[in-house]
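First the structure, in the form of structure tokens, and then the observations on it.
Quick note on labels: first sequence line is chain A, next is B, and so on, each numbered from 1. Computed from a prediction, not measured in an experiment: that's the story for all the values here.
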There are 2 protein chains.
Amino acid sequence: MPSAAKTAVNPAKPAGKRIRRTAEEARRLILDAAEKRLAQQGPEGLRLQDIARDIGISHPAILHHFESREGLVRALIARANTQLRDTMLTALAGGHTNSDASDHIGHVFEALSDRGTARLLSWLLLTGRASENSPTHNIMGEIVEALQARRAEYAAEKGLPAPDKEDTLFMAMLTANAAFGEAIIGRQLAEAVGLDADGIKRFRNWFAKLLNEHWDGRN
Amino acid sequence: MPSAAKTAVNPAKPAGKRIRRTAEEARRLILDAAEKRLAQQGPEGLRLQDIARDIGISHPAILHHFESREGLVRALIARANTQLRDTMLTALAGGHTNSDASDHIGHVFEALSDRGTARLLSWLLLTGRASENSPTHNIMGEIVEALQARRAEYAAEKGLPAPDKEDTLFMAMLTANAAFGEAIIGRQLAEAVGLDADGIKRFRNWFAKLLNEHWDGRN
DNA sequence: CCAAATACTGACATTGTTGTCAATATAATT
DNA sequence: AATTATATTGACAACAATGTCAGTATTTGG
């Protein structure tokens, strides 16, 4: 026993007052903090200790609620997925009779870029965690379905021929790609070419118009 | 001095045969390996030891050539930037007289998705390393410039009014966003909706056509 | 009021990663 | 051939991050 006073383990610390949340509440708090970190600092900013400090708890508490760091990540992904899907579908359902695409487009873009959703998802894709959760699969399927339905409805209304299925699909893909891209490089891009917030809005409108014209012209 | 035999430092190991490259060659090798790792495994796959092992060197060799991990990252970014810019500009310059956009679009998309360039850049953006290197700034500026010039030329040829500058800008932005998005979520998206490689090609053509129509119609 | 359940904590263990250093091998130069 | 320059390496240092654990505080239910 070479080293003498090794285990100093001070058994003091009566301490007191400890905030105790319900498990659900705690999980939500932690996920929020993690999401914020991720959006702000990227993948490497997702450290248990940091997250814990942000909300004033100890990092083992996180492990208590999510088993492991990977568990936290999975929960994060799952939540982002459902959130994204909900936003998307309600955005599509919102337009009612009026078939102007600009609303939809705007909603879709905002859903992705508003918070770190796109960043979170892209990180998920970059790290190859995609296949586990079948994330885009369900979402994209539902959305294309909804879009195609709307389009068919619109076509019937105007007595036009039924819309080409693949064409609808491509419109959806383009929108998804563009929105995703914008969420990630949008800011940099806009800044690079001297576009302010209003310019970005104009861009979105321009895109919506482009799609609208195609929507009408192609049917 | 409690611990006795602490420094065992065996001075043996005559060893022999050691590959010695020129500094430039070594740097290139390392950057290639790093890029591959990054493209395959995402941001968290960029570990010095792994990269070193991939090319059969020791990790201090990397540090010798790049000072630090951050140095490696910066070099990586710088190289990706110039590569991307070159590809883009040559793609734009290639079309000569023929003003069909599909060629350009294809080139742009491929430039981004072929190797991990987009992934690399997106990671750079996600981690907030963007401002340091003024990455997109120069690139985007040059490209819009080139595009606008081409468009003006095309308009003059056909005796049409000069193209709207912002319209050109928006076309470029949309293309950039879409290409970027596709590079990241494209595979997942295509898979999700049951598109094969040929379908992806059809999508790109569809997009090029959309832009072409706009190009003509708007002028 | 007591007991069980559990959210939470501090201290520690473990592991992995970057970075340092002295030593060594190899290429270039004289 | 000897010298210089430098690419390369093994061993170690320092640090950071996740994960473990035994114990503490707080709520809930009897």
Please figure out whether B/Ile19 or B/Ser68 has its closest DNA chain C nucleotide nearer the 5' end.
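Per heavy-atom nearest nucleotide, the more 5' residue is B/Ser68.
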Counting only non-hydrogen atoms, which of residues 50-63 of chain B are less than 4.0 Å from DNA chain D?
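Those residues are B/Gly56, B/Ile57, B/Ser58, B/Pro60, B/Ala61.
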If you take any heavy atom closer than 4.0 Å to DNA chain D, which residues from residues 21-31 of chain B end up in contact?
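Nucleic-acid contacts, sorted: B/Arg21, B/Ala23, B/Ala26.
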Quick one: sort the A/Phe170 and B/Trp206 rings into parallel, tilted or perpendicular, breaks at 30° and 60°.
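Geometry flag for B/Trp206 against A/Phe170: tilted rings.
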May I ask you to verify whether the side chain of B/Arg18 and the base of C/dT26 hold a donor-acceptor pair under 3.5 Å?
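In this structure, the two groups form no donor-acceptor pair.
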Can you check whether any acceptor in the base of C/dT18 is under 3.5 Å from a donor in the side chain of B/Arg47, or vice versa?
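Such a pair does not exist between side chain and base.
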Does B/His64 put a side-chain nitrogen or oxygen below 4.0 Å from OP1 or OP2 of D/dA7?
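So the side chain of B/His64 is within the cut-off, an N or O lying under 4.0 Å from OP1 or OP2 of D/dA7.
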Give a yes/no answer on whether the side chain of A/Arg20 brings an N or O atom under 4.0 Å of OP1 or OP2 in C/dC8.
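No.
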Counterpart residues, side chain to side chain donor-acceptor pair (under 3.5 Å), relative to B/Gln49 (two or more places apart)
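So B/Gln49 forms no side chain to side chain donor-acceptor pair (under 3.5 Å) with any residue.
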To the nearest angstrom, how far is [X] atom [atom1] from [N] atom [atom2]?
X       : N      : atom1 : atom2 : answer
B/Glu70 : C/dT18 : CD    : C1'   : 12 Å
A/Arg37 : D/dA17 : CZ    : C1'   : 14 Å
B/Leu46 : C/dT17 : CG    : C1'   : 12 Å
A/Glu67 : D/dC21 : CD    : P     : 13 Å
A/Arg69 : C/dT15 : CZ    : P     : 19 Å
A/Gln49 : D/dG19 : CD    : P     : 11 Å

Residues in salt bridge (charged side-chain N to carboxylate O under 4.0 Å, His left out) contact with B/Asp196, at least two apart in sequence or another chain
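Checked B/Asp196 against salt bridge (charged side-chain N to carboxylate O under 4.0 Å, His left out); zero matches.
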So which pairs with a foot in residues 21-30 of chain A pass salt bridge (Lys or Arg N to Asp or Glu O under 4.0 Å), sequence neighbours left out?
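Found A/Arg28-A/Asp32.
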Could you verify whether a donor N or O on one side chain and an acceptor N or O on the other, from B/His59 and B/Asp50, lie under 3.5 Å apart?
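B/His59 vs B/Asp50: no donor-acceptor pair found between side chains.
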Spacing of CG belonging to B/Leu72 relative to NE2 belonging to B/His65, to within rounding of 0.5 Å:
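If I round to the nearest 0.5 Å, the distance is 11.5 Å.
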Interatomic distance, B/Leu169 atom CG to B/Met171 atom CE [nearest 0.5 angstrom]:
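If we round to the nearest 0.5 Å, B/Leu169:CG and B/Met171:CE are 11.0 Å apart.
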Pair listing, ring-ring contact (aromatic ring centres under 6.0 Å, His included) test, anchored in residues 178-201 of chain B, at least two apart
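Listed by first then second residue: nothing to list.
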Heavy atoms from other residues, nucleotides or ligands near CZ of B/Arg37 exceed 12 (cutoff 6.0 Å):
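Atom CZ in B/Arg37 is crowded, with more than 12 foreign heavy atoms closer than 6.0 Å.
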